[in-house]
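Notes to accompany the following structure.
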Amino acid sequence: MADPIIQIEKLSKQFVSGKQTKKVLENVNLTINPGEFISIIGPSGCGKSTLLRIMGGLDTDYEGSVYFENGPIKGPGRERGFIFQDHRLLPWLTVEENIKFSLPESTENVEKIIVENLEIVGLQDVRKAYPKQLSGGMAQRVSIARALSNQPKILLLDEPFGALDAITKMHLQEEMLRLWEMEQITMIIVTHDIEEAVYLGQRVIVMDTQPGRIKQSYNIEQSIPRSRVSPEFHRQKDKIYKEFFEEKLQTFYYTI
Ligand SMILES: Nc1ncnc2c1ncn2[C@@H]1O[C@H](COP(=O)(O)OP(=O)(O)OP(=O)(O)O)[C@@H](O)[C@H]1O
């Protein structure tokens with residue numbers, strides 16, 4: 001078996017502000033293999049985004065070890081693309097300029113890279129458009145094309161479809177799966193949505209809170225092509241909901 005692409009051992013993280021220390025992650029251990037599609041879900045504030053930011057090298061102040069392809073992660077890198085809930089395109093640049101801006105100056109064949117990656121997300125016609133001329137879904141597609149232009153080995157997706165309407169969200173989820181199959185990039189998505197987690201992930205990691213830790217990991221048996229209506233899909237979704245979230249909701253009901 002190939003070496004893991006991400007290896008996290010005994011990861012703990014705390015934030016200090018003034019005299020207050022807040023423990024956010026405690027003893028997180030996680031191995032991710034190349035080509036996997038991993039979903040991470042858990043209650044608000046359990047540290048999902050913090051964990052993703054650490055994998056992306058956006059936060060390097062933690063205890064424990066976090067390795068990317070056997071080397072410690074020391075900061076952000078082009079091999080680890082990040083996609084956030086908001087597209088983060090620069091409003092004063094066109095779509096093609098936004099992609100060009102994300103590439104190192106020494107990049108050759110920039111034109112070809114822009115065309116190819118906009119084609120992958122089905123947006124070859126909006127090269128000259130500015131972000132404000134795009135719908136939310138289109139802008140998010142451009143941010144995906146921008147990330148892909150840097151030829152990442154892994155894509156870290158932080159609630160990427162959270163701000164989109166239900167139909168656009170479903171389209172983009174399908175596109176993400178298509179991309180994953182086509183480009184064989186390792187994908188890690190953080191989401192609040194159990195349905196999204198089960199639909200996309202081969203493995204769903206459920207986190208618990210205060211401090212954030214991994215509570216359970218579920219292997220998802222996927223039918224090909226994937227279905228949102230099959231009994232198996234509902235069985236897996238219900239299992240995660242019942243084993244984890246229902247218990248939390250009941251605790252909430254009893255305390256009000
Ligand atoms: N820069 C920071 N300084 C202090 N506390 C922070 C900082 N960033 C995050 N936190 C705290 O760490 C905890 C975990 O935050 P994080 O955003 O990782 O959680 P999350 O599970 O992604 O939440 P959500 O699902 O609501 O987005 C939260 O209590 C948050 O307030």
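Counting convention: from 1, in listed order, for ligands and their atoms alike.
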(message) Please determine whether the number of non-hydrogen atoms from other residues, nucleotides or ligands lying under 6.0 Å from atom NZ of Lys237 exceeds 12.
(response)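 Result for NZ/Lys237: enclosed.
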(message) Around atom CD of Gln210, are there more than 12 heavy atoms from other residues, nucleotides or ligands closer than 6.0 Å?
(response)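 Check fails, neighbour count at 12 or below.
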(request) Anything with a heavy atom under 4.0 Å from ligand 1 counts, so go ahead and list those protein residues by chain and number. (result)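 For ligand 1, the contacting residues are Phe15, Lys22, Val24, Pro43, Ser44, Gly45, Cys46, Gly47, Lys48, Ser49, Thr50, His192.
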(request) Using distance alone, with no hydrogens and no angle criterion, decide if Arg226 and Gln173 have a side-chain donor and acceptor under 3.5 Å apart. (result)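 No, because no side-chain N or O of Arg226 sits under 3.5 Å from a partner of the opposite role on Gln173.
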(request) Heavy atoms only: give me the nearest Pro131-Leu90 pair and the separation to one decimal. (result)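 In this case the closest contact between Pro131 and Leu90 is CG-O, 3.6 Å.
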(request) Identify whether Ile114 and Phe101 are in the same connected component of the hydrophobic contact network (ILVMFWY, side-chain heavy atoms under 4.5 Å). (result)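 No, no single cluster joins them.
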(message) Just verifying a value: how many Å separate Ile154 CD1 and Ile5 CD1, rounded to the nearest 0.5 Å?
(response)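 Going from the CD1 atom of Ile154 to the CD1 atom of Ile5 covers 5.0 Å.
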